[in-house]
Amino acid sequence: MSLSVAEEESAKEIQLPADVDWQMLDKSKFFFLGAALFSGVSAVLYPVVVLKTRQQVAQVHLSCFKTAFSVVRLEGIRGLYRGFGTSLMGTIPARALYMTALEVTKSSVGTATVRLGIPEPTATALASAAAGLSAAVAAQLVWTPVDVVSQRLMVQRVCAAPASCKYLNGIDAFRRILKTDGPKGLYRGFGFSILTYAPSNALWWTSYAITQRLVWSGYGCYFSKNGDDRIEDNIKSTLKPDSKTVMMVQGVSAAMAGGISALITTPLDTIKTRLQVLDGDENGRRAPTVAQTVRNLVREGGWMACYRGLGPRWASMSMSATTMITTYEFLKRLSTKNQENWA
């Protein structure tokens with residue numbers, strides 16, 4: 001993979017490491033190492049998810065810092081990891097589905113678009129969008145029940161109906177939800193989850209492909225103007241970034257893409273979280289509708305209430321995107337059948 005920066009005086013080509021596609025991966029190593037690496041990432045980022053969820057279901061808006069202080073003061077550090085065990089159990093199968101759908105779709109669509117004569121930048125963006133969409137749909141088959149249970153555990157101390165939302169643990173919550181509402185109770189908000197995460201993932205992967213190209217272009221322009229000891233002074237020269245530079249550019253691009261995605265999709269995520277966690281006052285035990293949820297939010301804080309939790313979600317998505325993409329690219333290179341692909 002290479003990116004060219006054309007200028008009047010000279011042309012600089014940035015030579016990037018070869019992309020690792022689905023056929024090049026050792027699948028058993030890929031899934032085993034992926035489960036271990038992403039479990040660690042989830043553990044680091046989980047407190048931010050708890051704060052975001054608490055803010056979204058709260059009747060009165062509190063800042064992220066006040067919410068964090070309240071949780072730690074009343075529940076201790078354990079409060080920031082409420083529901084983590086349930087979430088972690090769902091991480092492994094959900095990530096396996098996600099990564100499989102992502103890589104298979106990206107490889108298939110990317111090959112097909114190039115064969116159709118579509119320019120490489122556009123083909124990459126289209127393949128990334130399709131891959132993000134299919135990966136989100138596949139993962140939600142596992143993530144929605146896990147979300148429903150873990151989010152109930154996250155907010156049970158602040159739930160509006162204490163008698164009906166006190167669970168001993170994830171297994172108890174799973175059993176009681178299944179007994180009360182049946183399987184559909186575990187898939188509460190599934191349609192809205194797809195509506196939230198599928199476009200969000202498609203947007204994120206597309207934004208990542210575009211921002212990465214823009215960052216690399218800026219990198220190439222900078223060295224074209226300022227020069228670099230590693231570049232020969234001739235008409236056309238090649239710049240081969242080291243692994244640290246590649247990782248830095250991937251991280252910056254991922255953070256930018258995460259911020260864009262969070263800003264656009266937070267209202268959908270707020271509505272989705274409330275659908276999964278709260279019971280409708282008007283209908284007793286029946287789940288609230290989307291219209292009721294939106295009306296309640298607007299009544300509580302105007303339309304900006306739909307952006308509750310934006311700060312933690314922005315931070316979570318940016319940090320998650322940065323750690324996820326650098327971990328993911330590292331994982332793919334660790335899992336290649338032929339280690340020469342590091343070159």
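Just so you know, residue 1 is the first one in the sequence shown, and it goes up from there. Keep in mind it's a predicted model, so treat the numbers as computed, not measured.
By the rule that hydrophobic residues join a cluster once side-chain heavy atoms approach within less than 4.5 Å of another member, Phe69 and Val50 end up as members of separate clusters. Both Phe330 and Leu102 belong to a single network of hydrophobic side chains, linked directly or stepwise wherever heavy atoms of I, L, V, M, F, W or Y lie under 4.5 Å apart. At a threshold of 4.5 Å between side-chain heavy atoms, the hydrophobic network of Ile, Leu, Val, Met, Phe, Trp and Tyr places Val137 and Leu97 in two separate groups. Residues Val252 and Val246 share a single hydrophobic cluster, defined by chaining ILVMFWY side chains whose heavy atoms lie under 4.5 Å apart. Side-chain heavy atoms closer than 4.5 Å link hydrophobic residues (I, L, V, M, F, W, Y) into clusters, and following such links, possibly through other members, connects Phe190 to Ile177.
Listed by chain and residue number, nothing satisfies the salt bridge (charged side-chain N to carboxylate O under 4.0 Å, His left out) test with Glu329 (two or more places apart in sequence, or in another chain). By the side chain to side chain donor-acceptor pair (under 3.5 Å) test, Ser134 is found to be paired with Thr105, residues two or more places apart in sequence or in another chain being considered. Taking Ser253 as the reference, Tyr208, Thr211, Gln212, Val215, Val249 meet the side chain to side chain contact (heavy atoms under 4.5 Å, CB included) condition, with sequence neighbours excluded. Listed by chain and residue number, nothing satisfies the side chain to side chain donor-acceptor pair (under 3.5 Å) test with Tyr187 (two or more places apart in sequence, or in another chain). In this view, Asp26 satisfies the salt bridge (charged side-chain N to carboxylate O under 4.0 Å, His left out) rule with no residue, not counting sequence neighbours. In this structure Arg95 satisfies the salt bridge (charged side-chain N to carboxylate O under 4.0 Å, His left out) test with no other residue, sequence neighbours excluded. The side chain to side chain contact (heavy atoms under 4.5 Å, CB included) test applied to Ser108 returns Val104, not counting sequence neighbours. In this structure Ile271 satisfies the side chain to side chain contact (heavy atoms under 4.5 Å, CB included) test together with Phe192, Leu275, Val290, Thr293, Val294, Leu297, sequence neighbours excluded.
Here the NZ-CG distance, from Lys66 to Leu51, works out to 14.5 Å after rounding to the nearest 0.5 Å. Distance check: Leu133 CG to Ser128 OG gives 12.5 Å after rounding to the nearest 0.5 Å. Taking CG of Leu310 as the reference point, atom CG of Leu263 lies at 6.5 Å (rounded to 0.5 Å). The distance from the OG1 atom of Thr327 to the CD atom of Gln250 is 10.5 Å, given to the nearest 0.5 Å.
Between the side chains of Glu103 and Tyr98, not a single donor N or O lies within less than 3.5 Å of an accepting N or O. At a cut-off of 3.5 Å, with distance as the only test, a side-chain donor of Glu120 or Thr124 sits close to an acceptor on the other residue.
Leu203 has its side chain within reach of Ser207: a pair of non-hydrogen atoms, C-beta onward, lies under 4.5 Å apart. Residues Leu80 and Glu75 have side chains not in contact (no heavy-atom distance under 4.5 Å, counting atoms from C-beta outward). Annotation: side chain of Leu331 is in contact with side chain of Phe30 (closest heavy-atom distance under 4.5 Å). You'll find the side chain of Arg175 reaches within 4.5 Å of the side chain of Asp172, heavy atoms only.
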Show every donor-acceptor pair shorter than 3.5 Å between a side-chain atom in residues 139-148 and any protein atom, with sequence neighbours excluded, or say none if there are none.
from, atom 1, to, atom 2, distance (Å)
Gln140, OE1, Thr144, OG1, 3.0
Thr144, OG1, Gln140, O, 3.1

Which donor-acceptor pairs under 3.5 Å do side chains of residues 36-48 form with protein atoms, sequence neighbours excluded?
from, atom 1, to, atom 2, distance (Å)
Ser39, OG, Ala35, O, 2.6
Ser42, OG, Phe38, O, 2.9
Tyr46, OH, Arg82, O, 2.8
Tyr46, OH, Gly83, O, 3.3
Tyr46, OH, Phe84, N, 3.3

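Screening residues 189-208 for salt bridge (charged side-chain N to carboxylate O under 4.0 Å, His left out), with sequence neighbours left out, gives no hits. Residue pairs meeting the side-chain hydrogen bond (donor to acceptor under 3.5 Å, both in side chains) criterion with at least one partner in residues 259-268, sequence neighbours excluded, are Ser200-Ser261, Thr265-Arg313, Thr266-Arg313.
Crowding of Phe174 atom CZ: a count of heavy atoms from other residues, nucleotides or ligands under 6.0 Å not exceeding 12. Residue Lys27 places its NZ atom among more than 12 non-hydrogen atoms of other residues, nucleotides or ligands, all under 6.0 Å distant.
At distances below 3.5 Å, not a single donor-acceptor pair connects side-chain atoms of Thr122 with backbone N or O atoms of Ile118. Under a 3.5 Å cut-off, the side chain of Ser150 and the backbone N or O of Thr86 do not form any donor-acceptor pair. In this structure a side-chain-to-backbone donor-acceptor pair under 3.5 Å is missing from Ser335 to Lys332.
When all heavy atoms are compared, the tightest approach of Ala321 to Gly258 is CB-CA, 4.4 Å. Closest heavy-atom contact between Ile325 and Ala254: CG2-CB, 3.3 Å. What you find for Leu153 and Ala173 is that their closest heavy atoms are CD2-CB, 4.4 Å. Listed here is the closest heavy atom pair of Ala135 and Ala101: CA-CB, 3.7 Å. Closest heavy-atom contact between Ala123 and Thr113: CB-OG1, 3.3 Å. Arg54 approaches Val71 most closely through the heavy-atom pair NH1-CG2, 3.4 Å.
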Practice item. Let me see the working for Arg274 and Arg308 under side-chain contact (heavy atoms from CB on, under 4.5 Å), right down to the final yes or no. Key: CA-CA 11 Å; Arg274 288 207 165 198; Arg308 282 181 181 172; 3.5 Å; yes
Point to revise | Criterion side-chain contact (heavy atoms from CB on, under 4.5 Å) on Trp314 and Ile260, from CA distance to verdict | key: CA-CA 9 Å; Trp314 186 302; Ile260 294 169; over 6 Å; no
Practice item. Begin with the C-alpha distance, continue with both residues' side-chain angles, and end with the deciding distance and a verdict on side-chain contact (heavy atoms from CB on, under 4.5 Å) for Tyr197 and Leu268. Key: CA-CA 9 Å; Tyr197 289 119; Leu268 293 175; over 6 Å; no
